[in-house]
Amino acid sequence: MDTLTITLPDGSEKQVTGGTTGRDIAMGISPRLADAAVAVVLDGVQLDLDRPLPGNGSFRILTTRDAEALEIVRHSSAHLMAQAVVELFPGTKLAIGPVIENGFYYDIDSPHKFSPDDFAAIEAKMLQLAEAKTPIRRNEIDRLQAIEQWGSQDEPYKVEMMQEWTDATVSFYTQGEFFDLCRGPHVPHTGFLKFVKLLSVAGAYWRGDEKRPMLQRLYATAFHDKKALEAHVAALEEAKKRDHRVLGRKLELFHMQEDMPGMVFWHPQGWTLYRTLQNYVRSKVEANGYLEVHTPSVMSKTLWEKSGHWDKYQENMFVTESEKRTFAIKPMNCPGHIQIFNQGLRSYRELPLRIAEFGSCVRNEPSGTLHGIMRVRGFVQDDAHIFCTEAQIGPEVAAFCQLLKEMYADFGFNDILVKFSTRPEKRVGTDESWDRVEKALADACEYAGLATELNPGEGAFYGPKLEFTLRDSLGRHWQCGTIQVDPNLPERLGAEYVGEDGHKHRPIMLHRAILGSLERFVGILIEHYAGAFPAWLSPTQAVILPVSEKYLEAAQATAKTLRASGVRVVVDEQNQKLGYKIREAEGKRTPFILVVGEKEAAAGTVSVRQRGAGDLGAKSVAEFAEFIAQEVAARR
RNA sequence: GCCCAGAUAGCUCAGUGGUAGAGCACUUCCUUGGUAAGGAAGAGGUCCCGGGUUCGAGUCCCGGUCUGGGCUCCA
C-alpha cells in the first residue's frame, strides 16, 4: 500500500497508508470529532468522510460549524426529500436537486400535484428517515451501464443528463433502498438531516427551457440545528412583513388595480416619496455634469425600426395608429436622446455630452412577470446617455461608478456586486466593434478599480454592460444600476460629431441608470427600511398631536410655522386620546411625533418623540425646525 | 407567455348546496384626554367576470380576468 502525506490545518504533516478515509483521520484526532464530521476537504476538493483519500494534499475536516458543511447538509437534504417524496408518491420521477442560496430545491415530475398541504407529511417522512441514521454510501459505475439501469427505472431526466456527460463512470449515492445519481459529497448518514423545512412549490421548466416539460419544484431549506432553522424562518416572516405591497397600502403610498395590470397609481404620500427621490437624483446628476431633457412618449414606428427595437421587441411594445401611420409608446429613451444629439452640428468640444431624463417608459411585459411595483409595465427610469469618444469611455465609466456608489451609500447600500455582461447571441454590430468596446469596458473597470464577475452572453443586443447589484438590510440582492457601451445605436440613428481633424466621427453612447426603475427602487426602499423611512425620505416627516381638541388651533399654528421652514408636517385632528394617536402615528412609521398640549401651547414648544429613540422632551418650534433640517441634510 | 394556487365588506380573513359573517377601519353621538387601542350606536356586499349543473350556487363544473409562488423574459 502506498503512503500518503497530508497537511493538517495547523501545518503539521501526517503520513497515512493508502485507503485511509477522512473518518479514520478524524477518529485519530478524537472520536467526538469523527462523530461531528460532515465531510473533508483535500486540496480544496470536498470528499465524503468515508471515501479513501485519493492523494496527498492539505487536509481539513468539515464539521457542523463550517459554512461549507451547510451546503453539504442541504444537498443531502435534497436527496432525503427526494426519497421521502418517492416513497410517499410512487411514480415520481426525479430531475435535479441543487443547493441554492439559503436552501435547496428538487425538480420532480409526478402524477401527484403538490401543494403546501403535502409539506407536513413530507417533512414527517424526512424526519423519520433522518432519525434512522441510515448510512449514505457512494458508488461508482460505468456510465453506459448507469444509463441502462436508470432507463429501466423510467428516470428519463437522469438518463438525459448522463447521456450528455463524457466521463467513463458516474457516481451515485444510496441510503437504504433509495439511490440517486450524484457527484457528492454527502453527509455520512441521514442523522445530520433533521432540521429541514419545506417552503414552497412552483412550476419550473426542465433545464429552464420553456419548450421543455414543466416540472414541479419543491423549495426547502435545512440547517445544522433547530435554532438556526427557526432563525431563518423568522427572517422569512420578517421579509413577509416588509412586503412593499402590504406596506404600500398601509402607508397609503400607491395602489394598483385589476383593469390596469402593471400600472401604478401613486397616492399623495407615495408621490411625495417619489418626488423626493426624483429631486435627489436630479440634484446628483446636475452636480455631475448631466443636462436634463424630456422626450416624447409616442414615437414613430420608423424610428424603432431604424434603432432595431422593432425587430427584437415588437411583441413587448404598445403600438398605436394614427392617419395610417404606426407609432409606439416608448419602451426606452435612447432613440429620443439621439434625436436631441442629432440637432445641429456637434463638435468634439461638446463631448462627453451627458443627457439625462426621468424617462417614462411603457413595456408590455408578459403578464406572468408582473410583481407589485417591482416589475411593472409603466415606469420611470433615472436614465441618461453619455455621448463620448472611445477614449472617454474609461473616465466616464469610472466617474459613473463613483456617483453610483455615492448615491447607493445615501440609502445605506454599501455592499455592491458588479457583473460584466458580454456579447449575446442575438446582437447587432460587427465582431470587430464588439471586440473593441468589450475591451474598452474591461479597461474602464480596471481604471475604476472595479472587481467584476463575468456574465458571458448576457449583454444588451447593442453592446456589453456592467450591472450593479445592491444588498438590502435583509441581505437580499437587487439589480438596479447599469452602464452599457453602445457603438451601434449612434451608427443606426446617424449620430455624428466633427472631430479635431475637421472630419465627421461616430460617437460612442453610454446608456446608464443608477436607481433603474424608480417604481422598483421605491419598492426596494419600502422593504429595505420596512416602511420606516429616514426623515429625508419620509413623506410625512412629523405629525403634530394635540393633547385634546382644545389645543387643535395651537397645533395648526405650529404646523404652519414648520411647513414654512420646509418640514413635511401634518396635524392629527382626530377626536381621540393621545395614546391612540401615538399608536397610529407609530404604526405609520412617522419619524417625529410632536405633542402639543397646555404647556406647549403656552410656551411655544413641542414635545418631540423620535421614532426609535422615544421622548426627547420639549423643544422650541424653531429648535425643532433646525434639528430636522440637520437630519434631512445629513440624509438621516 | 408557461405550471400550480387563490379571489367574500376599505383591510385581514371565516363561511362544504338552503335568508352573507367577525375583527380592524369608516360614520354619528358621548367623552376632552399627557406618550402605543376610552365607550355606545350605525352604515357598509354584483361573494372577480361570463356560462353551465341544480328546485336552489359564495359553495359544484367549464371558460376568462387579475393576484400570488415560481419558471422563462427583462432593450
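Hydrogens, waters and symmetry mates play no part in the numbers below; they use all other heavy atoms, side chains included. A note on names: the letters A, B, ... follow the listed sequences, proteins ahead of strands, and every chain is numbered from 1.
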All N/O contacts under 3.5 Å from nucleotides 25-27 of chain B to the protein, with atom names and distances to one decimal?
unit_1: B:rA25; atom_1: OP1; unit_2: A:Tyr580; atom_2: OH; d: 3.2

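In this structure, A:Gly208 reaches the sugar-phosphate backbone alone: every heavy-atom distance under 4.0 Å involves primed, P, OP1 or OP2 atoms, never a base. At the heavy-atom level, A:Ser307 lies nowhere under 4.0 Å from the strands shown. Base engagement by A:Glu600 is indicated by at least one non-hydrogen atom pair under 4.0 Å involving a base atom. If you check every strand for non-hydrogen atoms under 4.0 Å, A:Gly597 touches a base. Looking at heavy-atom distances under 4.0 Å, A:Gly372 makes contact with sugar-phosphate atoms alone, never a base. Nucleic acid contact for A:Ser115: none, since no nucleic acid atom lies under 4.0 Å from a heavy atom of the residue. Among the protein residues, A:Arg249 comes within range of the sugar-phosphate backbone only, with heavy atoms under 4.0 Å from sugar or phosphate atoms but none that close to a base. Nucleic acid contact for A:Asp209: none, since no nucleic acid atom lies under 4.0 Å from a heavy atom of the residue. Residue contacts for A:Lys250: at a heavy-atom cut-off of 4.0 Å it reaches no nucleic acid atom on any strand shown. Residue A:His511 is out of contact with every strand shown, counting any heavy-atom pair closer than 4.0 Å.
With rounding to whole Å, A:Leu370 atom CG is found 15 Å from B:rG70 atom P. Atom-to-atom, CD of A:Glu258 to P of B:rG50 comes out at 13 Å; the value is rounded to the nearest Å. Here the C1' atom of nucleotide B:rC2 and the CG atom of A:Asp109 are 15 Å apart, to the nearest Å. What separates CG of A:Leu199 from C1' of B:rA5 is a distance of 17 Å, to the nearest Å. When the C1' atom of B:rG70 is taken as reference, atom CZ of A:Phe119 falls 12 Å away, rounded to whole Å. Rounding to whole angstrom units, CE of residue A:Met256 and P of B:rU67 are separated by 7 Å. Taking atom NZ of A:Lys113 as the reference point, atom C1' of B:rG69 lies 16 Å away to the nearest angstrom. Put simply, CH2 on A:Trp206 is 16 Å from P on B:rC71, counting in whole angstrom units.
Residue A:Lys465 has a polar side-chain atom (N or O) positioned under 4.0 Å from OP1 or OP2 of B:rA75. For A:His371 and B:rG70, the shortest distance from a side-chain N or O to OP1 or OP2 is not below 4.0 Å. Between A:Arg377 and B:rC66 there is no side-chain polar atom (N or O) within less than 4.0 angstrom of OP1 or OP2. In terms of phosphate contacts, A:Lys577 brings no side-chain nitrogen or oxygen within less than 4.0 Å of OP1 or OP2 of B:rA37. OP1 or OP2 of B:rG68 sits under 4.0 Å from a side-chain N or O of A:Arg245.
The pair A:Arg609-A:Asp615 does not meet the salt-bridge criterion, since no charged nitrogen lies less than 4.0 angstrom from a carboxylate oxygen. For the pair A:Glu586 and A:Arg611, the salt-bridge criterion is not met [side-chain N within less than 4.0 Å of a carboxylate O]. For the pair A:Lys588 and A:Glu584, the salt-bridge criterion is not met [side-chain N within less than 4.0 Å of a carboxylate O]. In summary, A:Glu467 and A:Lys465 engage in a salt bridge, as defined by a charged side-chain N under 4.0 Å from a carboxylate O.
A search for side chain to side chain contact (heavy atoms under 4.5 Å, CB included) contacts involving A:Thr561 returns A:Val621, not counting sequence neighbours.
Judged by distance alone, with hydrogens and angles left aside, A:Asp259 brings no side-chain donor or acceptor close enough to the base of B:rU65 to form a pair under 3.5 Å. Judged by atom type and distance alone, A:Arg375 reaches the base of B:rC74 through a side-chain donor-acceptor pair under 3.5 Å. Judged by distance alone, with hydrogens and angles left aside, A:Arg212 brings no side-chain donor or acceptor close enough to the base of B:rC71 to form a pair under 3.5 Å. No donor-acceptor contact under 3.5 Å links the side chain of A:Arg427 to the base of B:rA75. A donor N or O paired with an acceptor N or O is not found under 3.5 Å between the base of B:rG33 and the side-chain atoms of A:Glu598.
Less than 6.0 angstrom separates the ring centroid of A:Phe400 from the ring centroid of A:Phe468.
Nucleotide B:rC66 is matched to B:rG6 when pairs are restricted to Watson-Crick or G-U wobble geometry with both distances under 3.5 angstrom.
In terms of position on RNA chain B, the residue among A:Ile593 and A:Arg207 whose nearest nucleotide sits closer to the 5' end is A:Ile593.
Of the N and O atoms on the side chains of A:Tyr105 and A:Arg74, not one donor lies less than 3.5 Å from an acceptor on the other residue. A:Ser607 and A:Glu600 share a donor-acceptor pair across their side chains, judged by distance under 3.5 Å alone.
Classification of the A:Phe627-A:Phe592 ring pair by plane angle, with boundaries at 30° and 60°, yields perpendicular. Between A:Phe461 and A:His309, the ring planes lie perpendicular to each other; the angle is over 60°, past the 30° to 60° tilted range. Ring planes of A:Phe89 and A:His112: parallel class, angle under 30° (limits at 30 and 60°). Note on ring orientation: taking the six-membered ring where Trp is involved, the planes of A:Trp206 and A:Tyr157 are perpendicular (angle over 60°, cut-offs 30° and 60°).
Within residues 213-220 of chain A, the residues that place at least one heavy atom under 4.0 Å from RNA chain B are, in residue-number order, A:Met214, A:Arg217, A:Tyr219.
Comparing B:rC66, B:rG33, B:rU35 by their nearest atom to the side chain of A:Val595 picks out B:rU35. Closest contact between the side chain of A:Arg609 and the listed nucleotides B:rC66, B:rU35, B:rG34 involves B:rU35. With B:rG33, B:rA75, B:rC71 as the choices, the nucleotide that has an atom nearest any side-chain atom of A:Tyr313 turns out to be B:rA75. The listed nucleotides are B:rC66, B:rG33, B:rA75; the one nearest the side chain of A:Asn316 is B:rA75.
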